[in-house]
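Here the structure comes first, spelled out in structure tokens, and everything after it is commentary.
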Amino acid sequence: MKERQDAWTEENDLLLAETVLRHVREGSTQLNAFEEVGDRLNRTSAACGFRWNAVVRHDYEKALALAKKQRKQRQRALGQQQPVKKNLLYTPPTPSIEEYSTEFGTEMNTQVEAAPVETYTKREPVRQQASTSLSIDSVISFLQSLKGRDVSVDALSRENERLKREHNELLRQNEELTQQVAKLEQSAISIQDDYETLMKIMNRARKLVLFDEEERPATKFKMDRNGNLEKVAE
């Protein structure tokens, strides 16, 4: 029973892409590729198929088209390599002494009897020439498939390098953001300390003002004859 695994790493996606492209190129099905990747990553084939169609396939459209083209070339080459079951060897019948005597005269009888029959059988058969031609075609097709395979590997390598660069760039940005967050947290702590210090100073000043007002005696006034207020001496 395979366990559920939600996280797909960059290496998992690359393995999935390489396996699918290899199966397509060799004439297999994508379902077989999903099963192979599932066995290697301890995932279900359905999960691998969903990951391929939903995420990975969009980055390998050109490589997938090239793999399908290579599959057609490979199938065509294999079709040409299958020999036609025909008896291409031809061994001319050995004429009898009477036939030679009828065509060339009775004086040829002794030469015909001495002539070796192996003269006809040692000739190079036609089938070898045909097989030589087919083998050349298969070599050409094989070299073409190798060239296409190199192109596919090169495309995968470039894609891998691009993903590595993006990964490194994301790591750099993450490091910068982490440093900015640390600075903001330190600044917030400083602001909080300054605010608390300011509040302590204000509370102390407020207490001093209230204490001074309590100790200061109240000023008394009285009204003179003209209706004016004057301060009463203490």
Taken to the nearest 0.5 Å, the spacing of F34 CZ from S45 OG works out to 8.5 Å

Quick one: CG on L198 to CD1 on I191, what's the gap to the nearest 0.5 Å? 13.0 Å

Atom pair CG (L41) and CG (L16), whose distance is rounded to the nearest 0.5 Å: 8.0 Å

Quick one: do the N12 and T9 side chains pair a donor with an acceptor below 3.5 Å? yes

Side chain to side chain donor-acceptor pair (under 3.5 Å) partners of residues 53-68, not counting sequence neighbours, each pair once: none

Does the pair E36 and H23 meet the rule for a side-chain contact (heavy atoms from CB on, under 4.5 Å), with working shown? CA-CA 10 Å; E36 178 180 344; H23 276 264; 2.6 Å; yes

S145 (side chain) donor-acceptor with F142 (main chain) under 3.5 angstrom: yes

I want to check something: taking the side chain as every heavy atom from C-beta on, are V56 and R51 in contact at a cut-off of under 4.5 Å? yes

Salt bridge present between E175 and R172 (N-O < 4.0 angstrom): no

Closest heavy-atom pair, C48 versus R43, reported as atoms and distance to 0.1 Å, is SG-CB, 4.2 Å

Using the side chain to side chain contact (heavy atoms under 4.5 Å, CB included) rule, pick out the option among E161, E166, H167, R165 that qualifies with L163. E166

For E10 and L14, what are the C-alpha separation, side-chain angles and deciding distance, and is it a side-chain contact (heavy atoms from CB on, under 4.5 Å)? CA-CA 6 Å; E10 178 182 351; L14 183 60; 5.7 Å; no

Separation between NZ (K183) and CD (Q180), nearest 0.5 Å, reads 7.5 Å

Measuring from E169:CD to N174:CG, what's the distance to the nearest 0.5 Å? 11.5 Å

Nearest-0.5 Å distance, CG of residue L208 to CZ of residue R206: 11.0 Å

When you measure from the side chain of R74 to the backbone of E26, do you find a donor-acceptor pair of N or O atoms at a distance under 3.5 Å? yes

Using modelled atom types only, decide if a donor and an acceptor are shared between the side chain of N160 and the backbone of L156 within a distance under 3.5 Å. no

Do side-chain atoms of N203 reach the backbone of M199 as a donor and acceptor pair under 3.5 angstrom? yes

Could you list the residues that satisfy side chain to side chain donor-acceptor pair (under 3.5 Å) with N32, not counting sequence neighbours? S28, T29

Trace of the side-chain contact (heavy atoms from CB on, under 4.5 Å) decision for L15 with E11: CA-CA 6 Å; L15 174 62; E11 290 77 9; over 6 Å; no

Could you walk me through whether V24 and Q30 satisfy the side-chain contact (heavy atoms from CB on, under 4.5 Å) test, starting with their C-alpha distance in whole Å, then the side-chain angles of each, then the deciding distance to 0.1 Å, before giving a yes or no? CA-CA 7 Å; V24 172; Q30 295 185 10; 4.0 Å; yes

Assess whether atom CZ of R162 is packed by more than 12 heavy atoms of other residues, nucleotides or ligands within 6.0 Å. yes

